[in-house]
Amino acid sequence: MIDVPELALVALVGISGSGKSTFARSHFLPTQVLSSDYFRGLVADDENDQAASAEAFDVLHYVAGKRLAAGRLTVVDATNLQPHARAGLVKVAREHDVLPVAIVLDVPEALAWERTQGRPDRTFGRQVLTRMHRDLRRSLGSLAREGFRKVHVLRGADEIASAEIRYEKLF
Ligand code: CTP
Ligand code: MG
């Protein structure tokens, strides 16, 4: 059971192919989920244009802030493997007195690679995934220190598939 405050900024954390978007679709409303791919598409007409990431996250943070100001649970579907990417989310959450929560999807690199190879929209090489996996391992030790109030780590496909969200009342 994953306890999530009913108002929170939820950061999904996981390598490409770990199942973040799938998880988001099965547990949250489409409008609660802000995905980096979607925002890259909005600003650059191409969900894979990595050069558009800075602009895309700028807009994503802006929308997240508007949602949190209105008291709406917000989920960020991005890899969130870099400390600076997570710092941006913690900052937006703090600015709105909302708890930042991390849900880590930790799957074997080989499984993620297998899934990725079947996707026309993911064309990077194996080394990219290996680097992401290394970044994930590093992230695991630092999330709490970075300001995430709860860090839920789901290990393996089975644990991810059977996870359930339980909302905690704030008052
Ligand atoms: N998938 C699967 N079984 C799961 C979860 C995902 O077969 N339990 C498949 C999805 O259908 C998709 C691929 O694995 O084809 C990647 O899943 P996705 O949720 O898109 O992974 P993300 O972590 O969102 O990947 P990315 O960071 O590249 O967006
Ligand atoms: Mg995705």
Side-chain angles (χ1 to χ4, degrees), residues 1-2 4 8-61 63-64 67 73-90 92 100-140 142-143 146 148 150-165:
M1 197 62 78
I2 304 178
V4 171
L9 178 63
V10 178
L12 300 181
V13 179
I15 65 177
S16 184
S18 60
K20 300 177 297 295
S21 300
T22 304
F23 183 88
R25 261 195 301 280
S26 69
H27 294 285
F28 303 102
L29 299 172
T31 47
Q32 290 177 318
V33 180
L34 306 182
S35 98
S36 51
D37 282 350
Y38 180 77
F39 282 91
R40 275 191 207 94
L42 276 186
V43 300
D45 296 324
D46 178 358
E47 297 204 339
N48 282 306
D49 185 352
Q50 299 303 314
S53 289
E55 298 299 326
F57 277 104
D58 204 27
V59 185
L60 186 154
H61 291 160
V63 176
R67 289 186 53 86
L73 180 92
T74 301
V75 179
V76 179
D77 174 11
T79 55
N80 292 318
L81 294 169
Q82 301 290 335
H84 80 88
R86 296 190 295 262
L89 299 181
V90 170
V92 176
V101 171
I103 300 178
V104 182
L105 307 192
D106 184 4
V107 303
E109 187 187 322
L111 174 62
W113 178 243
E114 191 186 305
R115 289 173 174 174
T116 295
Q117 283 177 298
R119 297 172 69 190
D121 55 338
R122 293 293 182 272
T123 55
F124 50 75
R126 178 73 188 242
Q127 335 80 274
V128 172
L129 204 62
T130 300
R131 194 180 329 126
M132 288 187 191
H133 199 253
R134 186 201 61 201
D135 291 340
L136 179 80
R137 302 253 75 79
R138 287 182 182 159
S139 302
L140 284 169
S142 55
L143 285 161
E146 291 171 11
F148 288 93
K150 293 208 167 144
V151 178
H152 300 279
V153 183
L154 300 173
R155 291 200 168 83
D158 291 347
E159 211 171 301
I160 294 167
S162 60
E164 286 178 51
I165 308 269

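Numbering of ligands and ligand atoms starts at 1, following listing order. Computation of the quantities below employed the complete heavy-atom set of this structure, encompassing side-chain atoms and omitting hydrogens, waters and symmetry-equivalent molecules.
- Counting backbone and side-chain atoms alike, Thr22 contributes no N/O/S atom closer than 2.8 Å to the Mg ion (ligand 2).
- Closest protein heavy atom to atom 29 (O) of ligand 1: Arg122 NH2, 2.9 Å.
- Counting heavy atoms from C-beta outward, His61 and Leu89 have side chains that approach closer than 4.5 Å.
- The environment of Phe28 atom CZ is dense: over 12 non-hydrogen atoms of other residues, nucleotides or ligands sit within 6.0 angstrom.
- Considering only heavy atoms from C-beta on, Val153 stays 4.5 Å or farther from Leu143 through its side chain.
- Comparing heavy-atom distances from atom 4 (C) of ligand 1 across Arg115, Arg25, Glu47 singles out Arg115 as nearest.
- Inclusion of Ser16 in the set of residues having an N or O under 3.5 Å from an N or O of ligand 1 is warranted.
- Of the protein's heavy atoms, Lys20 NZ, 2.7 Å lies nearest to atom 27 (O) of ligand 1.
- Side-chain contact between Thr79 and Lys20 is present, with heavy atoms from C-beta onward closer than 4.5 Å.
- Checked by distance only, ligand 1 and Thr79 stay at 3.5 Å or farther apart across all their nitrogen or oxygen atoms.
- For the side chain to side chain contact (heavy atoms under 4.5 Å, CB included) with Ser16, the lone residue among Val128, Leu129, Leu81 that qualifies is Leu129.
- Checked against a 3.5 angstrom limit, the closest N/O atoms of Arg119 and ligand 1 fall inside it.
- Using 4.0 Å as the threshold, Ser18 has a heavy atom nearer than that to some atom of ligand 1.
- A pairwise comparison of heavy atoms in Leu111 and Ala157 identifies CD2-CB, 4.0 Å as the closest pair.
- Contact annotation for Thr116 and ligand 1: no heavy atom of the residue comes within less than 4.0 Å of the ligand.
- A heavy-atom separation below 4.0 Å is found between Gly17 and ligand 1.
- Protein heavy atom in closest approach to atom 21 (O) of ligand 1: Gly19 N, 3.2 Å.
- Within a 6.0 Å sphere centred on CG of Asp121, heavy atoms belonging to other residues, nucleotides or ligands number more than 12.
- Listed by atom number, the atoms of ligand 1 under 4.0 Å from Ile15 heavy atoms are 23 (O).
- Using a 4.0 Å cut-off between a side-chain N of Lys or Arg and a carboxylate O of Asp or Glu, Asp37 and Arg122 qualify as a salt bridge.
- Closest protein heavy atom to atom 10 (C) of ligand 1: Thr22 OG1, 3.9 Å.
- Contact annotation: Asp121 has no heavy atom less than 4.0 Å from any atom of ligand 1.
- Put simply, the side chain of Val4 reaches to within 4.5 Å of the side chain of Leu73, judged on heavy atoms.
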